[in-house]
Structures are given as structure tokens and as C-alpha cells.
Amino acid sequence: MNDDVREEWSQLVSGARKEIQRAKARGARSTRATRSTKAEPKAEPKAAAKAVTEPAASGPAPARSGADVRAQAKAARTLEELRGCVARCEACSLHKTRTQTVFQDGSPVRRLMFIGEAPGADEDRTGVPFVGRAGQLLTDIITKGMGIAREEVLIANVLKCRPPDNREPTPEEKSICTPWLDRQIELHDPKVLIPLGRHASMHILGREASMGEMRTRIHEIGGRQVVPTYHPAYLLRSPGEKKECWKDIQLAMGVLGIPIPSGGNR
Ligand code: URA
Ligand code: SF4
């Protein structure tokens, strides 16, 4: 890596760290806002959280259909533009129940992107993907397993808004929302994608299949290496499968040139 690239990437990492700090501060503020308005009518806390988390209205009007999402995603020249469009998006009914959209976390330093399914309650509250229990396990996979910092990888989801009661995304929600993710991937241009679970893996591979058919191998899709693995929420329910996930992660580490510890276990 030459010095210019190294410098550019180190700025990206420090930018990402600041973003995390800002996100944490936002999370803390929205939590406080929620708590302090506890006695208020139900709609109040949500309005308070929105006021601090949504960016100023600039850019195109809110996307209100799948066609709007496709057009705005295609037109977005930068990740900040894209983030703004996502934050305003009203293209599917999930916008009515979200506290805020959840765009991404991390940085492109390692050219590795994890893709989950959809925000849960903790992510909806903080605006940061994978911060709940499944998120802690993903963080352990990255830091303890791969031996790198969470800030060095990108983390995003198929859906940008939380499905109520953590239900699975519907086919309609996925088809409306995924142009945002596709453009996000294009703009980051990661070398390796690790889709987590069936929804993300099927979207990235572009076909219906079981996890058994998709994982344990490296797929090449559009010039990127794709290594599907289990969703951390599934691993929390089936801890015996963690060693299987670790095999997939080692495939990705091989492609990325991240040293694998001798014995293959951390
Ligand atoms: N599960 C996901 O798929 N994404 C998150 O952001 C959190 C939990
Ligand atoms: Fe828009 Fe996606 Fe949120 Fe639906 S889930 S409102 S398509 S950002």
C-alpha cells in the first residue's frame, strides 16, 4: 500500500470513529429523550428521538415508491447523499413505525462488508447496526475471531428500518429497499462481502437457496468475493454452529490476506 492510500484510509478510520462517537451520543440523547418523556402520550418519545437524529431536509423529496428508491439510489453520487435519501425514505410502510433509519457502521479500511437482515429494537433506538446481543456476537467474531477492529469493517443491513416485533422482512419490503443497499455496496466497493443469514445471502447471490447450499464456499459476484455465513442471531440460538461460521470467516480472511491463527481457533 503506498503512503497516499495509507493516509487516505487512516483518515477514513478516524472519520468512522468520530461517526461512531456521534452515533453513540445520538443514541444517548434519544434514550434520554425517550426516558424524560415517559409520562407523555405514546407518540411523543418517537418525535423527540426523530428531532435529534434526522439530518436537515436537503436533497430530493422523500422516496415514496420503489421507483423513487431506484431513481434516488442511482442518482446518489456520495455515501452522504445516499444516507440523506435513506433517512427521508417513506417508500414502504416500515417508515411509519421506525424511530430512525439505520444506515451503516464502520469504515472501508479492510474492504470487507458484513450485511445483516434488518435493524432490531436496539438498532432502531441508536441508529447503529448490530449493537444488540447479535451485534455483540458479531463484534466478537470481528475482534476476537478475525483479530481486527470493528471500526475497520463496514456493517449494513438489507432493510434500513426495523420490522415491527422483529419479524422477518417481507419480499415486498426487500424488493423496495435493496436498491439503497446495492448503491451503498457500489459506492464503498468492498472486495469481500459477508452476508449474514438467508435474507442477505439470497439478495447478494440473487437467487433463492438454503444456507446449506450457499455457505462453506466463496462465490464471485460482480467482481466481489462473497462468503455467506450464519446470522449471529441464529448462532445465539444454535451455539454449536459457531465453529461452522468460523470456517466461513476464515475463507474470507484468506481472500483479504488477514493471517489465520495456527490451529484455526481463537
Ligand atoms: N440483526 C441484523 O440483521 N441487523 C442488525 O442491525 C441487528 C440485528
Ligand atoms: Fe425506505 Fe427501506 Fe425504510 Fe422501507 S425499510 S421505508 S424502503 S428505507
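All ligand and atom numbering here is 1-based and tracks the order in the structure. We number each residue from 1, following the sequence as shown.
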Check each atom of ligand 1 against the heavy atoms of [X] and keep those under 4.0 Å away; list them by number with element.
X: P129; result: 6 (O)
X: E117; result: 2 (C), 3 (O)
X: H231; result: 1 (N), 2 (C), 3 (O)

Salt bridge or not between E244 and R215? Use side-chain N to carboxylate O under 4.0 Å. yes
Nitrogen or oxygen of P119 less than 3.5 angstrom from that of ligand 1: no
Heteroatom proximity flag, G116 to ligand 1, N/O under 3.5 Å: no
Selected option - heavy-atom contact closest to atom 6 (O) of ligand 1, from I155, L196, N157: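 Checking each option, the heavy atom nearest atom 6 (O) of ligand 1 is found in N157.
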Just wondering, are more than 12 heavy atoms of other shown residues or ligands nearer than 6.0 Å to [atom1] in [X]?
X: R70; atom1: CZ; value: no
X: E241; atom1: CD; value: yes
X: E208; atom1: CD; value: no

Sphere of radius 2.8 Å around atom 3 (Fe) of ligand 2 - protein N, O or S atoms inside: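 Listed by chain and number: C161 SG.
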Pairs of donor and acceptor atoms involving the side chains of residues 227-238, under 3.5 Å and at least two apart or interchain, shall be tabulated with distances.
from	atom 1	to	atom 2	distance (Å)
T229	OG1	D248	OD2	2.6
H231	ND1	A233	N	2.9

Backbone, side chain, both or neither: what part of E123 comes under 4.0 angstrom of ligand 1, heavy atoms only? side chain
Have a look at ligand 1 and work out which part of P232, if any, has a heavy atom under 4.0 Å from it: side chain, backbone, both or neither. neither
Is a side-chain donor-acceptor pair under 3.5 Å present for K160 with Q184? yes
Under 3.5 Å, is there a donor-acceptor pair linking the side chains of E172 and S175?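 No - no donor-acceptor pair under 3.5 Å links their side chains.
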Considering residues at least two apart in sequence or located in another chain, which fulfil the side chain to side chain donor-acceptor pair (under 3.5 Å) criterion with R133? none
Of all residues at least two apart in sequence or in a different chain, which pass the salt bridge (charged side-chain N to carboxylate O under 4.0 Å, His left out) check with D140? K144
Element-labelled atoms of ligand 2 that are located less than 4.0 Å from some non-hydrogen atom of I176: 7 (S)
Work out whether the distance between some heavy atom of A118 and some atom of ligand 1 is less than 4.0 Å. yes
Between E151 and R110, is the salt bridge (charged side-chain N to carboxylate O under 4.0 Å, His left out) condition met? List the steps. CA-CA 10 Å; E151 293 85 350; R110 294 279 178 173; over 6 Å; no
Without swapping roles, check the side chain of T126 against the backbone of V128 for a donor-acceptor pair under 3.5 Å.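 At least one qualifying donor-acceptor pair exists.
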